[in-house]
Number of protein chains: 2
Amino acid sequence: MAAEKSNGRTPTIKDVAKAAGVSQATVSYVLNNLNKVSPGVDAHVRRVARELGYSRNRAARALKTGRNNVIGCIMPSLLSPVFPEIAQAVQQRAEEHGFATFVIDSGMQTPAREAEAIRVLAEHGADGAIAVLGSPRTASDRPTLPLVVIDQPMDGMDGVYADHRGGGRLLAEYAIGLGHRRVGLLSGLQSLYSSRERREGFVDTALGRLDIVWEVEVPLTPNLPEAAVGALLRRDVTLIVCVNDLIAMVVLSALRQARIRVPEDVSVMGFDDMQWSGWPLLNLTTVRQPLGQLGRDAVDLLVRRLDAPDAEIANIVLPVSLVERGST
Amino acid sequence: MAAEKSNGRTPTIKDVAKAAGVSQATVSYVLNNLNKVSPGVDAHVRRVARELGYSRNRAARALKTGRNNVIGCIMPSLLSPVFPEIAQAVQQRAEEHGFATFVIDSGMQTPAREAEAIRVLAEHGADGAIAVLGSPRTASDRPTLPLVVIDQPMDGMDGVYADHRGGGRLLAEYAIGLGHRRVGLLSGLQSLYSSRERREGFVDTALGRLDIVWEVEVPLTPNLPEAAVGALLRRDVTLIVCVNDLIAMVVLSALRQARIRVPEDVSVMGFDDMQWSGWPLLNLTTVRQPLGQLGRDAVDLLVRRLDAPDAEIANIVLPVSLVERGST
DNA sequence: AGGGTCGATTTACACGTTTAAACAGAATCA
DNA sequence: TGATTCTGTTTAAACGTGTAAATCGACCCT
């Protein structure tokens with residue numbers, strides 16, 4: 001063993017080259033798996049590199065290639081239970097592709113914060129990002145970064161989202177099948193694609209077969225506006241349909257407080273099938289959307305885009321399914 | 001306006017220098033806020049830079065300085081409600097220091113995954129990391145990365161954690177004050193510092209004044225072992241003390257399912273004061289630990305360490321407080 | 001034997017910064 | 001006035017890679 005460069009510094013490609021008795025270029029070629037070098041040399045270089053504990057300097061190669069192998073993951077909130085589930089999947093899949101992931105909490109859907117998040121990502125060298133966007137407006141500031149949008153189609157960008165409309169339909173059909181007639185509807189902000197679709201799927205199917213006695217549009221944060229609470233307590237429906245599980249959770253809370261029993265006095269349905277919806281405390285009948293799959297598909301789409309910037313825009317729609325539980 | 005270099009490329013420091021009629025070095029000095037240049041030139045350079053929409057290339061400066069301005073944030077799980085709360089605070093504070101944050105889900109406390117997370121971070125150029133570690137073992141693989149550990153002291157590393165023992169004491173005192181006598185204890189894995197401290201604080205204070213009728217050691221995942229469920233249903237205590245709110249939540253679930261009422265039939269207490277503990281559905285009496293503050297202090301500690309690698313090891317202990325709610 | 005091809009390897013430059021060191025004036029001082 | 005400090009600015013050398021282009025042999029073909 002001739003040249004152990006065990007001085008403090010972490011070894012560079014130059015050290016490896018010297019130790020292996022070849023040029024830097026050869027080492028580079030080997031380590032990038034371009035099959036440009038003869039098998040013998042290849043093996044030798046690899047061995048030496050391993051022996052020295054060499055690993056390529058990210059900053060240098062990023063500087064040279066313009067690629068950082070880092071993607072961003074912009075979520076409206078990490079405190080809600082559903083986004084972390086997506087973020088986790090994104091991170092794992094990205095890792096498989098050799099990308100690291102920046103998770104950023106954009107602070108619940110203010111367009112300014114979302115634009116800011118994108119800026120921060122770009123500034124920190126992210127190659128692209130996956131985002132759950134709260135506002136359609138953000139589209140106008142066409143970002144400097146390749147973006148894959150989750151939960152809604154957005155023209156000019158790749159997207160992955162669940163079949164919200166189909167989910168709404170499922171809810172309505174299930175309710176009808178159960179013999180409900182008078183229902184209340186807590187729909188999400190209709191400026192959001194997903195909320196709109198869910199609502200329309202439900203309403204269209206319900207038409208003529210369910211009476212929507214009241215409907216209140218609520219923000220997707222975990223507290224109900226006055227109007228919604230009032231409606232809940234009127235007790236003039238046998239079923240309350242919520243735009244998502246988080247809202248359903250708040251509804252269950254409110255009902256509990258008012259000592260209205262579920263499902264004896266009134267039934268409740270949600271949408272998402274978030275992690276806790278299955279627990280006895282909630283036990284929520286809901287529509288399951290494949291959260292992990294959303295994240296994984298988004299990552300795949302993004303790396304495809306990075307490799308081929310001019311590929312045609314893709315939109316993936318994932319199927320949903322009804323999960324029957326005790327709240328109905 | 002002479003030199004608008006509006007060809008496609010994003011502008012470099014060289015473009016700015018040329019446009020401003022000074023050298024690259026001057027531009028660099030200005031933009032790094034070393035007060036080396038005269039006010040007039042300074043202002044001029046800044047203006048030109050802004051006009052060109054220039055922003056420094058991270059890869060290049062990372063290459064030169066050996067600093068990436070990126071920190072990692074290793075959490076055992078993002079699905080649990082408490083860690084995202086910390087992660088969010090970490091991210092915000094890091095941003096204030098000019099650092100971006102990698103959030104990594106180490107997959108619930110397996111030492112291998114934790115070591116792997118550190119490796120990934122190092123490989124992706126993180127300058128340091130903040131970690132909630134599940135296993136003490138990880139300490140042995142002394143990481144290549146400056147680390148600040150949250151939730152436990154760890155020799156040789158900076159740490160931030162709450163006064164777990166004091167919290168345990170608070171719980172016991174409150175229980176005594178309420179007139180309880182027979183209590184059940186769901187303690188966490190005693191291999192974890194935080195669980196151990198909480199338990200000891202409680203047990204020491206309870207000594208002779210509370211009967212700990214049964215005690216079961218449970219993992220910190222959201223499902224109870226048989227033994228625990230059995231104990232709950234024995235109904236031989238007036239109070240159940242849980243190692244944290246997540247466990248308490250599961251307990252409430254189980255009790256609900258068994259139609260045991262809280263707090264009429266039995267009281268429940270937790271630890272953490274996570275986001276939902278205050279909701280009517282849980283309404284949990286608990287000990288509040290300042291989750292956000294943990295994250296912020298950890299970041300401060302980390303950047304201090306990065307600036308002064310040889311500073312003495314610091315450990316910050318944060319105070320806790322009792323939050324009275326409806327479950328007792 | 002001389003030109004031509006081909007594959008393996010090296011040479012050499014570029015990427016966009018930071019920063020020590022050199023430099024040029026101007027101000028200060030003996 | 002000439003030597004000395006100071007201040008503001010520039011020059012130039014890195015940092016660790018990737019990769020086009022040049023180089024070098026070895027081999028093949030008339």
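In what follows, chains are A, B, ... by sequence order, proteins preceding strands, each numbered from 1. Because the structure is predicted, anything quoted here is derived from the model rather than measured.
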By nearest atom, which of the nucleotides [options] is closest to the [X] side chain?
X: Tyr29(A); options: dT19(C), dA21(D), dG8(D); answer: dA21(D)
X: Asn32(B); options: dG16(D), dT17(C), dT18(C); answer: dT18(C)
X: Ser28(A); options: dT17(C), dA14(C), dT19(D); answer: dT19(D)
X: Lys64(B); options: dT17(C), dG16(D), dT10(D); answer: dT17(C)
X: Ala25(B); options: dG18(D), dT10(D), dT10(C); answer: dT10(D)
X: Arg56(A); options: dG16(C), dT11(D), dG18(D); answer: dG18(D)
X: Lys36(B); options: dT9(C), dG16(D), dT9(D); answer: dT9(D)

Are [X] and [N] close enough that a side-chain N or O sits under 4.0 Å from OP1 or OP2?
X: Thr26(B); N: dT9(D); result: no
X: Ser38(B); N: dT7(D); result: no
X: Ser23(A); N: dT10(C); result: yes
X: Thr12(A); N: dC15(D); result: no

Over how many whole Å does the gap from [X] atom [atom1] to [N] atom [atom2] extend?
X: Arg61(B); N: dG16(D); atom1: CZ; atom2: P; value: 17 Å
X: Arg67(A); N: dC15(C); atom1: CZ; atom2: C1'; value: 16 Å
X: Lys14(A); N: dC13(C); atom1: NZ; atom2: P; value: 14 Å
X: Leu63(B); N: dT19(C); atom1: CG; atom2: P; value: 12 Å
X: Asn35(A); N: dA8(C); atom1: CG; atom2: P; value: 10 Å
X: Leu34(A); N: dT19(D); atom1: CG; atom2: P; value: 7 Å
X: Ile13(B); N: dT17(C); atom1: CD1; atom2: C1'; value: 6 Å
X: Gln24(A); N: dT11(C); atom1: CD; atom2: P; value: 10 Å

- Heavy-atom neighbours of Asp307(A) CG exceed 12 at 6.0 Å: yes

Can you find a heavy atom in the side chain of [X] that is under 4.5 Å from one in the side chain of [Y]?
X: Leu133(A); Y: Met154(A); answer: yes
X: Val45(B); Y: Val37(B); answer: no
X: Arg67(A); Y: Leu306(A); answer: yes

- Across the strands shown, which category fits Thr65(A) at heavy-atom distances under 4.0 angstrom: base, sugar-phosphate, nothing? sugar-phosphate

- Query: Can you say whether the rings of Tyr161(A) and Tyr193(A) are parallel (under 30°), tilted (30 to 60°) or perpendicular (over 60°)?
  - Reply: perpendicular

